[in-house]
Amino acid sequence: MLLQTQAPLTRPLTTAHLATTMSLMSLTALELREHIEAQLASNPALELVEVQRCPSCGRPIAERGPCAVCSRPPVGMPDEPIVFISPREDFYNPSGHLHAEELPSDETAAETEELPTYVLRQIAPDLAPDDRRLAAHILTSLDEDGLLTEALTEIARFHHVPLSRVEAVLRLIQRADPVGVGSPSPEEALLVQLEVLAETRPVPALADQAIRQGMEQLSKRHFAELAKLLGISTARAKEIARFISDNLNPYPARTHWGNIHQGTEAAQDVYHFPDIIISQLNDAPDSTLVVEVISPLAGRLRINSLFRQSLQMAPADKSEQWHNDLEQASLLIKCLQQRNHTIVRLIQRVTAIQRSFILHGDAHLEPLTRASLADELEVHESTISRAVSGKAVQLPNGRIVPLKKLFDRSLHIRTELCQIIAQEKRPLTDTEIAALLKKKGYKVARRTVAKYRSMEGILPAHLRQSLQNAVQVG
DNA sequence: CTATGGCACGGATT
DNA sequence: AATCCGTGCCATAG
């Protein structure tokens with residue numbers, strides 16, 4: 001890097017600024033792929049060689065030799081996860097799935113959003129092969145808010161299937177993440193979200209009525225009118241409105257509208273593909289964890305040996321640039337290796353520590369700070385920060401969560417809090433909850449309980465009681 | 001008077 | 001250095 005600064009910038013290095021390990025570290029696999037592809041296209045010194053495959057299982061591997069899974073003795077120490085780098089082309093071809101299914105209207109699929117693929121991937125397992133056409137049709141007809149503008153009857157007619165089938169498919173889609181996608185209207189999106197929410201936590205009674213009948217008043221914030229409409233006090237109406245705006249999102253595709261909470265799991269930053277996939281070795285519940293770090297490329301990057309050989313023979317006017325290219329290329333490769341190395345070590349350690357969380361859910365999350373990990377791995381804290389930020393990991397249960405979540409200091413307390421409230425006989429005040437938590441070993445101030453509560457989208461005690469009985473949305 | 005939410009401060013984390 | 005997080009204090013609503 002020091003050398004680079006004084007090197008003449010014969011070529012302005014385009015958007016790709018210097019490939020330092022630092023800048024690479026913070027990139028998502030997806031982003032990194034773009035970066036590398038740009039380099040590949042512009043730098044003749046770089047070469048992509050075919051991916052190696054494990055001789056015994058055919059699993060793609062980045063390095064030579066048997067894959068990490070096969071080389072593993074059948075019964076290993078379950079606490080030590082197997083970590084390896086895996087090129088997964090399928091993850092980087094967002095429109096691939098959809099194209100493969102032969103879209104009814106091809107033109108929209110390509111660039112617009114990754115959203116259609118993201119949703120399709122979630123529901124694909126539950127879908128009869130024939131219904132995938134329908135799903136693809138619906139998903140590609142979404143507007144930028146994630147709502148469906150086309151009439152269901154039209155879709156049914158187009159595919160010559162009964163309306164009920166389209167409805168069934170749509171229902172699956174709506175309940176996928178982001179919850180409510182594909183709804184024909186904001187109202188319906190809200191209702192679906194409310195319904196999903198109601199499965200895991202109490203929601204205000206009449207919230208569904210408010211949405212169904214009082215959408216107009218809700219959006220205009222005319223709480224008094226809304227209250228009159230529903231026959232409740234203005235205060236209660238305000239609370240309902242607040243609950244709705246805090247927890248629901250009329251435009252499922254707009255992420256910035258705030259987090260949508262579902263159950264104990266806040267579905268935030270939902271749009272990405274995983275950078276890391278964690279699964280269990282076979283299906284054995286207590287088996288070793290297998291961690292795939294997604295490689296940004298389907299092959300292995302190296303210096304083109306022909307290019308290196310012909311370097312001496314470079315024409316005088318090109319010589320400087322060629323050297324430059326070579327240097328650039330080897331730097332990139334070096335940095336890439338460094339990045340991989342760090343990420344592998346990082347995730348190896350993290351999965352070991354959070355094993356129980358990965359297998360058994362939120363309640364088992366071990367509080368973990370980036371700093372302590374940095375200390376353990378003997379790298380700078382900021383390295384960990386960069387490595388963690390923006391990345392996502394797919395857990396054995398299929399959920400894709402931000403890697404950040406494994407470093408959440410309060411998640412386990414929050415889930416405990418949720419449980420307490422779920423089991424409470426009578427609405428407990430924050431102070432009482434704080435006491436209960438303390439009894440369980442979590443020392444938190446009453447004020448903090450309030451914070452966690454609102455973080456989880458749970459209403460205060462005096463508002464909980466009233467809706468205890470009338471929970472479910474009809 | 002009690003339960004909560006807002007603001008803001010300090011210490012930890014990134 | 002910037003940001004996040006837990007908390008205490010205070011105003012307000014019930």
Side-chain angles (χ1 to χ4, degrees), chain A residues 20-28 202 204 223-224 227 232-247 256 258-259 261 266 268-269 339 342-343 345-347 349-350 353-354 362 365-393 402-418 420-421 424-438 440-468:
Chain A
T20 64
T21 316
M22 232 175 61
S23 59
L24 290 190
M25 190 61 78
S26 53
L27 294 184
T28 298
F223 302 125
I232 55 180
S233 75
T234 307
R236 177 89 12 103
K238 274 186 186 171
E239 278 299 336
I240 290 176
R242 167 132 191 211
F243 177 89
I244 290 174
S245 77
D246 277 357
N247 296 287
H256 55 261
N259 302 339
H261 301 285
Q268 34 174 283
D269 306 64
R339 175 185 188 273
T342 311
I343 292 184
R345 292 206 316 142
L346 167 82
I347 197 66
R349 193 71 195 106
V350 172
I353 294 175
Q354 302 290 21
D362 289 358
L365 186 71
E366 197 81 14
L368 174 67
T369 70
R370 296 158 171 81
S372 65
L373 208 66
D375 191 47
E376 233 177 290
L377 299 182
E378 299 178 303
V379 295
H380 197 285
E381 307 171 341
S382 64
T383 309
I384 303 286
S385 276
R386 291 176 190 285
V388 167
S389 72
K391 309 262 187 338
V393 44
L403 186 53
K404 223 178 138 165
K405 185 166 174 177
L406 300 184
F407 293 86
D408 192 318
R409 275 173 290 169
S410 58
L411 184 66
H412 58 138
I413 306 188
R414 295 207 304 275
T415 56
E416 183 61 42
L417 179 143
C418 285
I420 290 180
I421 291 182
E424 75 188 359
K425 189 65 198 244
R426 125 196 92 86
L428 300 170
T429 70
D430 289 349
T431 319
E432 289 166 324
I433 294 174
L436 277 179
L437 282 174
K438 182 167 287 175
K440 299 213 180 195
Y442 305 117
K443 44 174 180 47
V444 282
R446 167 251 113 206
R447 189 64 190 78
T448 309
V449 172
K451 285 259 164 129
Y452 288 169
R453 210 172 26 67
S454 72
M455 218 180 274
E456 296 295 329
I458 300 172
L459 292 167
H462 62 281
L463 285 158
R464 282 205 303 278
Q465 61 188 355
S466 50
L467 43 94
Q468 196 72 291

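Any value given below was found using the heavy atoms of this structure, including those in side chains, with hydrogens, waters and symmetry copies removed. Order of the sequence lines sets the chain letters (A, B, ...), proteins ahead of strands, with each chain counted from 1.
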Peer 1: Test of understanding: with salt bridge (charged side-chain N to carboxylate O under 4.0 Å, His left out), list the residues that count as partners of Glu432(A), not counting sequence neighbours.
Peer 2: Arg426(A)

Peer 1: Using a heavy-atom cut-off of 4.0 Å to chain A, what are the terminal contacting nucleotides of DNA chain C, in 5' to 3' order?
Peer 2: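 Going 5' to 3' along DNA chain C, contacts run dC5(C) to dG14(C).
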
Peer 1: Under the rule for side-chain hydrogen bond (donor to acceptor under 3.5 Å, both in side chains), what residues qualify as partners of Thr448(A), not counting sequence neighbours?
Peer 2: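 Thr448(A) satisfies side-chain hydrogen bond (donor to acceptor under 3.5 Å, both in side chains) with no other residue.
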
Peer 1: What residues form a side-chain hydrogen bond (donor to acceptor under 3.5 Å, both in side chains) with Lys438(A), not counting sequence neighbours?
Peer 2: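 Result, side-chain hydrogen bond (donor to acceptor under 3.5 Å, both in side chains) vs Lys438(A): none returned.
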
Peer 1: Go through residues 444-453 of chain A and report each residue with a non-hydrogen atom lying under 4.0 Å from DNA chain C, sorted by number.
Peer 2: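 Going residue by residue through residues 444-453 of chain A, the ones with a heavy atom under 4.0 Å of DNA chain C turn out to be Val444(A), Ala445(A), Arg447(A), Thr448(A), Lys451(A), Tyr452(A).
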
Peer 1: Taking side-chain contact (heavy atoms from CB on, under 4.5 Å) as the test, write out the residues that go with Ser389(A), two or more places apart.
Peer 2: none

Peer 1: Quick one: list whatever passes salt bridge (charged side-chain N to carboxylate O under 4.0 Å, His left out) with Arg446(A), sequence neighbours left out.
Peer 2: none

Peer 1: Would you give me the side-chain donor-acceptor pairs under 3.5 Å for residues 374-383 of chain A, sequence neighbours excluded?
Peer 2:
residue: Glu376(A); atom: OE2; partner: Arg349(A); partner atom: NE; Å: 2.1
residue: Glu376(A); atom: OE2; partner: Arg349(A); partner atom: NH2; Å: 2.8
residue: His380(A); atom: ND1; partner: Ser382(A); partner atom: N; Å: 3.0
residue: His380(A); atom: ND1; partner: Ser382(A); partner atom: OG; Å: 3.1
residue: Thr383(A); atom: OG1; partner: His380(A); partner atom: O; Å: 3.2

Peer 1: List in chain and number order the residues that pass side-chain hydrogen bond (donor to acceptor under 3.5 Å, both in side chains) with Arg386(A), two or more places apart in sequence or in another chain; answer none if no residue qualifies.
Peer 2: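 Here no residue qualifies.
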
Peer 1: Sequence neighbours excluded, which residues qualify as ring-ring contact (aromatic ring centres under 6.0 Å, His included) partners of Tyr442(A)?
Peer 2: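 Partners of Tyr442(A) by the ring-ring contact (aromatic ring centres under 6.0 Å, His included) criterion, ordered by chain and then number, come out as His412(A).
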
Peer 1: Taking side-chain hydrogen bond (donor to acceptor under 3.5 Å, both in side chains) as the definition, give me every residue that meets it alongside Gln354(A), ordered by chain and number, with sequence neighbours left out.
Peer 2: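 Counting only residues at least two positions away or on another chain, Gln354(A) forms no side-chain hydrogen bond (donor to acceptor under 3.5 Å, both in side chains).
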
Peer 1: What are the two closest non-hydrogen atoms of Thr28(A) and Gly390(A), and how far apart are they?
Peer 2: OG1-O, 3.7 Å

Peer 1: For Ser410(A), report the nucleic acid contact type (base, sugar-phosphate, nothing); a contact means any heavy atom under 4.0 Å.
Peer 2: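 Sugar-phosphate only.
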
Peer 1: Quick one: how far along DNA chain B does chain A reach, first to last nucleotide 5' to 3', anything under 4.0 Å to a heavy atom?
Peer 2: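 With heavy atoms of chain A under 4.0 Å away, the range is dA3(B) to dT14(B).
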
Peer 1: Reckon Thr369(A) touches a base, only the sugar-phosphate, or nothing at all at heavy-atom distances under 4.0 Å?
Peer 2: sugar-phosphate

